[in-house]
J.: 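Take a look at this one; I'll ask things after.
Counting from 1, the numbers follow the sequence of the chain as shown. Here the structure is a predicted model, which is why all the values come from computation and not from measurement.
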Amino acid sequence: MSVGPAAKYLVQIIVAGAQVTARAFTRAVKQEYTASQQAAKNAGGGRHGARKAQADTVSGMSLQEAKQVLNISDITEHESLLKNYEHLFEVNDKSKGGSLYLQSKVVRAKERIDMELMNMYKTQQEKARKQNPPS
């Protein structure tokens, strides 16, 4: 029983396709690894960086984007943060003709900033414990 030339070419095409796919997959994994390393580096590394990355993942929004949505530059200015949040929330109220999508963006931005403030507080607490260990 001999294999015809068409079957031989078909096998060669399948093998070549598998090789191309494997190379593309390997390249994609390498790029993703590099991107994740860069993101960790940008987040600050260590525990604080891990917390930032987790907060970005949970909220689906970076701190920078949250600051842009709420139009603030310093997240520790609580008065301007609350004033902008309340204003944007009210303006985008669905019953007043606003956009539910934009209102949810405002809420997510506030949640993301709250997470960041909590992370900053935890980091400060850890530093204080290290500097002043219990007797």
Side-chain angles (χ1 to χ4, degrees):
M1 180 184 246
S2 86
V3 177
K8 183 178 176 182
Y9 290 128
L10 182 61
V11 169
Q12 287 176 345
I13 290 171
I14 291 171
V15 169
Q19 288 174 339
V20 168
T21 304
R23 276 189 237 124
F25 180 75
T26 303
R27 191 175 325 125
V29 168
K30 285 179 183 177
Q31 287 175 347
E32 183 61 31
Y33 178 75
T34 304
S36 68
Q37 292 298 314
Q38 186 63 39
K41 187 177 179 183
N42 291 344
R47 282 190 180 159
H48 188 66
R51 285 187 187 134
K52 272 183 154 177
Q54 181 183 16
D56 286 353
T57 303
V58 169
S59 68
M61 182 180 291
S62 71
L63 179 60
Q64 185 65 31
E65 183 182 0
K67 289 164 65 175
Q68 288 175 342
V69 168
L70 293 176
N71 193 27
I72 60 171
S73 57
D74 184 10
I75 64 172
T76 59
E77 293 178 9
H78 298 290
E79 286 182 28
S80 64
L81 173 65
L82 285 175
K83 178 183 169 191
N84 289 0
Y85 169 74
E86 289 172 357
H87 171 73
L88 291 169
F89 189 85
E90 289 296 320
V91 167
N92 289 299
D93 189 1
K94 182 95 169 143
S95 64
K96 296 178 182 175
S99 165
L100 183 61
Y101 172 77
L102 292 177
Q103 192 178 44
S104 71
K105 275 288 202 189
V106 170
V107 171
R108 296 292 167 254
K110 175 76 167 63
E111 288 174 349
R112 176 62 182 92
I113 290 174
D114 289 343
M115 283 184 216
E116 187 65 23
L117 291 170
M118 183 61 74
N119 289 340
M120 288 171 55
Y121 175 75
K122 286 179 182 179
T123 301
Q124 289 173 351
Q125 292 296 320
E126 288 172 1
K127 285 181 182 177
R129 271 191 235 119
K130 287 180 183 177
Q131 290 175 353
N132 302 323
S135 305

J.: Indicate the atoms forming the closest heavy-atom contact of Ile75 with Glu116, along with that distance.
T.: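 Here Ile75 and Glu116 meet closest at CD1-CG, 3.6 Å.
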J.: Nearest 0.5 angstrom please: Lys110 NZ to Leu81 CG, how far?
T.: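 Going from the NZ atom of Lys110 to the CG atom of Leu81 covers 5.5 Å.
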J.: Identify the heavy atoms of Gln103 and Lys94 that sit nearest to each other, and give their distance.
T.: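 Closest approach of Gln103 to Lys94: OE1-N, 4.5 Å.
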J.: Do Tyr85 and Leu102 sit in one hydrophobic cluster, given that two such residues count as connected whenever their side-chain heavy atoms are within less than 4.5 Å of each other, even indirectly?
T.: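 Different hydrophobic clusters.
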J.: Mind checking the CD1-CG spacing from Ile113 to Leu70? Nearest 0.5 Å is all I need.
T.: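 Ile113 CD1 to Leu70 CG: 4.5 Å, rounded to 0.5 Å.
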J.: Which heavy atom of Ala66 sits nearest a heavy atom of Ala109, and at what distance?
T.: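 In this case the closest contact between Ala66 and Ala109 is CB-O, 3.6 Å.
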J.: Give, for atom NZ of Lys30 and atom CZ of Phe25, the distance between the pair rounded to the nearest 0.5 Å.
T.: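 Interatomic distance, Lys30 NZ to Phe25 CZ, rounded to 0.5 Å: 12.5 Å.
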J.: Are Arg112 and Val69 side-chain neighbours, meaning at least one heavy-atom pair lies under 4.5 Å?
T.: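 Heavy-atom side-chain distance check fails, nothing below 4.5 Å.
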J.: Return yes when atom CD of Gln125 has more than 12 non-hydrogen atoms of other residues, nucleotides or ligands closer than 6.0 Å, and no otherwise.
T.: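 It does: Gln125 CD has more than 12 such atoms within range.
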J.: For Glu79, does the CD atom have more than 12 heavy-atom neighbours from other residues, nucleotides or ligands under 6.0 Å away?
T.: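 12 or below, so no.
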J.: Distance from Leu100 atom CG to Lys105 atom NZ, nearest 0.5 Å?
T.: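 Reported value, rounded in 0.5 Å steps: 13.0 Å.
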J.: Taking it one step at a time, do Arg108 and Glu111 satisfy salt bridge (charged side-chain N to carboxylate O under 4.0 Å, His left out)?
T.: CA-CA 5 Å; Arg108 296 292 167 254; Glu111 288 174 349; 2.9 Å; yes
J.: Report yes if some heavy atom in the side chain of Leu10 is under 4.5 Å from a heavy atom in the side chain of Ile14; otherwise report no.
T.: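 Side-chain contact under 4.5 Å: yes.
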J.: Do Met61 and Met118 sit in one hydrophobic cluster, given that two such residues count as connected whenever their side-chain heavy atoms are within less than 4.5 Å of each other, even indirectly?
T.: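 Different clusters: Met61 never reaches Met118 through Ile, Leu, Val, Met, Phe, Trp or Tyr contacts under 4.5 Å.
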J.: Do you know the tightest heavy-atom contact between Val106 and Phe89?
T.: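 Where Val106 meets Phe89 most closely, the heavy atoms are CG1-N, 4.1 Å.
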J.: Measure the spacing between NE2 of His87 and CG of Asn92 and express it to the nearest 0.5 Å.
T.: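 Going from NE2 on His87 over to CG on Asn92, the span is 8.5 Å.
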J.: Backbone N or O of Ser73 within a donor-acceptor pair of the Lys67 side chain at under 3.5 Å?
T.: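 Such a contact is found between Lys67 side chain and Ser73 backbone.
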